[in-house]
*Asks:* 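Please read through the structure below; I'll follow up with questions.
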Amino acid sequence: MILNNLKKVKTLLPKNVTLVAVSKTKSVEEIKEAYNEGQRVFGENRVQEMVEKYEVLPKDIQWHMIGHLQRNKVKYMASFVSLIQGVSSLKALKEIDKQAKRHNRVINCLLQAKIAGEETKFGLSFQEIEQIIASEELKKLSNVNIIGLMGMATFTNNKTQLTEEFSSLKKLFDKLNTKGKNLSVLSMGMSGDYSIAIKCGSNMVRMGSAVFGERNYAG
Ligand SMILES: *Cc1c(COP(=O)(O)O)cnc(C)c1O
């Protein structure tokens, strides 16, 4: 089942779009199935769960933290996490920098933008993102590298609204790059809205249910 889903998803994605297989709540066995099919990038939204899976699974997996970040848990994943997608404060960046230093590595991060109208979604305003990226404080954080932006659209079928939300983030992404910021990753799109996100310029999609089937409980 997973293999067929994964193959299908891969045929739907343009070559330049990275698939993050969102494996939260899924078992090690299920992840192995996807791994054996060649998938190497997996996303989790709870640090504890990601650490447990990291410990028993092949070490060439790239683990992305996609959930809302709890600062006190950065230390548990700092030795191995490949990309932290949901960074939404300078405070969090400082903690990531501190923990990355302890492991002598640079941790790649995405700043999470609030593009949805819903109050429940975390993230920075575009203005806050521009401020952080231009800040003197960020320059001092030599062990974090902001390589792009991430956004979650409103949970809706309204294509016009989704297009507006995704396009707004693409615009910010382009604007920052025009200013010489060198961002490479624009992470937008999930199982329900990835095709619109890609049309709007996404080059990284985070897909769970389309790859692994529906989750039993909300992640
Ligand atoms: C769970 C989750 C996804 C994947 O959702 P699906 O609808 O299953 O594809 C993507 N991004 C984040 C941040 C998530 O928490």
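Just follow the structure's listing: the first ligand is 1, and inside any ligand the first atom is 1. Each residue takes its place number in the sequence, starting with 1.
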*Asks:* Does S184 offer a backbone N or O that forms a donor-acceptor pair with the side chain of N203 under 3.5 Å?
*Replies:* yes
*Asks:* I need the atoms of ligand 1 closer than 4.0 Å to a non-hydrogen atom of G208, numbered in the order shown.
*Replies:* 4 (C), 6 (P), 8 (O), 9 (O)
*Asks:* With heavy-atom distances below 4.5 Å as the criterion, would you say the side chains of V81 and Y54 are in contact?
*Replies:* no
*Asks:* Would you mind checking if K53 and E49 are paired as a salt bridge, meaning a charged N to carboxylate O distance below 4.0 Å?
*Replies:* yes
*Asks:* When the ring planes of W63 and F42 are compared, do they come out parallel, tilted or perpendicular, using 30° and 60° as the limits?
*Replies:* tilted
*Asks:* With K171 as the cation and F166 as the aromatic partner, state whether NZ or CZ is under 6.0 Å from the six-membered ring centre and within 45° of the axis.
*Replies:* no
*Asks:* Any idea which atoms of ligand 1 are less than 4.0 Å away from a heavy-atom of M207?
*Replies:* 9 (O)
*Asks:* May I ask you to identify, for Q85, whether its side chain, its backbone, both or neither come under 4.0 Å of ligand 1 on a heavy-atom basis?
*Replies:* neither
*Asks:* For atom 12 (C) of ligand 1, which candidate among N45, V20, I66 holds the nearest heavy atom?
*Replies:* I66
*Asks:* Pull out every atom of ligand 1 sitting under 4.0 Å from any heavy atom of R206, numbered as shown with elements.
*Replies:* 4 (C), 9 (O), 10 (C), 11 (N), 12 (C), 13 (C)
